[in-house]
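To start, the structure itself, in structure tokens.
Any value given below was found using the heavy atoms of this structure, including those in side chains, with hydrogens, waters and symmetry copies removed. From a predicted model like this one, the values you see are computed outputs, not experimental measurements.
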Amino acid sequence: QVQLVESGGGLVQAGGSLRLSCAASGRFLSINTMGWYRQAPGKQRELVATITRSGITNYVDLVKGRFTISRDNAKNTAYLQMNSLKPEDTAVYYCNADVLAGVTYGSIDSWGQGTQVTVSS
């Protein structure tokens, strides 16, 4: 079983910064790709950024140059540094992890409960 817990969301003015954290806990062998997704009211959940265990990153065009995804494998934790925030970034941000649970169980696609990010103008 794997649990993901996000933290670091809040209210910030346009142009400000926030850092989100995602901590994984439970019984598993390793975590492959971790990622951040977001969902605004009335819209579909969309990809923000992903990072492999070896550090290869991918970003949606709207956040390139402003957001940075990173991870600490020893702590089983991923981060999303968000700079130059815009009102359009307002959404619930969710952590995702592709987890290798074991030889028998295989991989598990896990999601956190989400953390609210609100950017005021």
Does the side-chain contact (heavy atoms from CB on, under 4.5 Å) test come out yes or no for Ser17 and Gln81, once each step is laid out? CA-CA 8 Å; Ser17 299; Gln81 179 66 47; 4.0 Å; yes
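- Scanning all heavy atoms of the two residues, the minimum distance from Val48 to Val63 falls at O-CG2, 3.8 Å.
- Taking the charged nitrogens against the carboxylate oxygens, Asp61 and Lys64 do have a contact shorter than 4.0 Å, which makes a salt bridge.
- We find the CD-OG distance between Gln3 and Ser25 to be 4.5 Å, quoted to the nearest 0.5 Å.
- The side-chain contact (heavy atoms from CB on, under 4.5 Å) test with Leu18 singles out one residue from Val117, Thr118, Asn83, and that residue is Val117.
- Here the shortest heavy-atom pairing between Ala49 and Leu80 reads CB-CD1, 4.5 Å.
- In this structure, Trp111 and Tyr37 have side chains that are in contact, with non-hydrogen atoms separated by less than 4.5 Å.
- Closest heavy-atom contact between Val12 and Leu85: CG1-CD1, 3.5 Å.
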Can you list the steps and then say if Tyr79 with Ile69 is a side-chain contact (heavy atoms from CB on, under 4.5 Å)? CA-CA 6 Å; Tyr79 306 93; Ile69 187 171; over 6 Å; no
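- The minimum heavy-atom distance between Lys75 and Thr77, with the atom names listed, is O-OG1, 2.9 Å.
- The main-chain N or O of Arg53 is found under 3.5 Å from a side-chain atom of Asn73 such that the two form a donor-acceptor pair.
- Contact annotation: the side chain of Arg71 approaches that of Ile31 to within less than 4.5 Å [non-hydrogen atoms, C-beta and beyond].
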Hey, mind stepping through Asp98 and Thr33 against side-chain hydrogen bond (donor to acceptor under 3.5 Å, both in side chains) and telling me if it holds? CA-CA 5 Å; Asp98 181 20; Thr33 301; 5.4 Å; no
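- No path of Ile, Leu, Val, Met, Phe, Trp and Tyr side chains, each step under 4.5 Å between heavy atoms, connects Val60 with Val92, placing them in separate hydrophobic clusters.
- Although no hydrogens or angles enter the test, the distance criterion places no donor-acceptor pair under 3.5 Å between the side chain of Ser54 and the main chain of Thr52.
- For the pair Thr115 (side chain) and Gly9 (backbone), a donor-acceptor distance under 3.5 Å is present.
- To the nearest 0.5 Å, atoms CG (Leu47) and CG (Asn58) are separated by 6.0 Å.
- Remark: the backbone N or O of Val119 is paired with a side-chain donor or acceptor of Thr90 at under 3.5 angstrom.
- Rounding to the nearest 0.5 Å places OG of Ser121 at 14.0 Å from NZ of Lys86.
- For the pair Leu4/Gln113, no side-chain contact is recorded, criterion being any heavy-atom separation below 4.5 Å from C-beta on.
- Geometric assessment of Arg45 against the ring of Tyr94 yields a positive cation-pi assignment under the 6.0 Å and 45° thresholds.
- Looking only at side-chain heavy atoms (C-beta outward), Leu20 and Met82 come within less than 4.5 Å of each other.
- In this structure, the side chain of Arg38 does not engage the main chain of Ala91 through any donor-acceptor pair within 3.5 Å.
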Start with the C-alpha distance between Ser21 and Glu6, add both sets of side-chain angles, then the distance that settles side-chain contact (heavy atoms from CB on, under 4.5 Å), and finish with yes or no. CA-CA 6 Å; Ser21 298; Glu6 302 100 330; over 6 Å; no
Quick one, Ile56 with Ile51, criterion side-chain contact (heavy atoms from CB on, under 4.5 Å). Give me CA distance, side-chain angles, the key distance, then yes/no. CA-CA 5 Å; Ile56 300 173; Ile51 183 169; over 6 Å; no
Show, in sequence, the C-alpha distance, side-chain angles and deciding distance for Phe67 and Trp36, and conclude whether the ring-ring contact (aromatic ring centres under 6.0 Å, His included) test is met. CA-CA 11 Å; Phe67 292 8; Trp36 289 95; over 10 Å; no
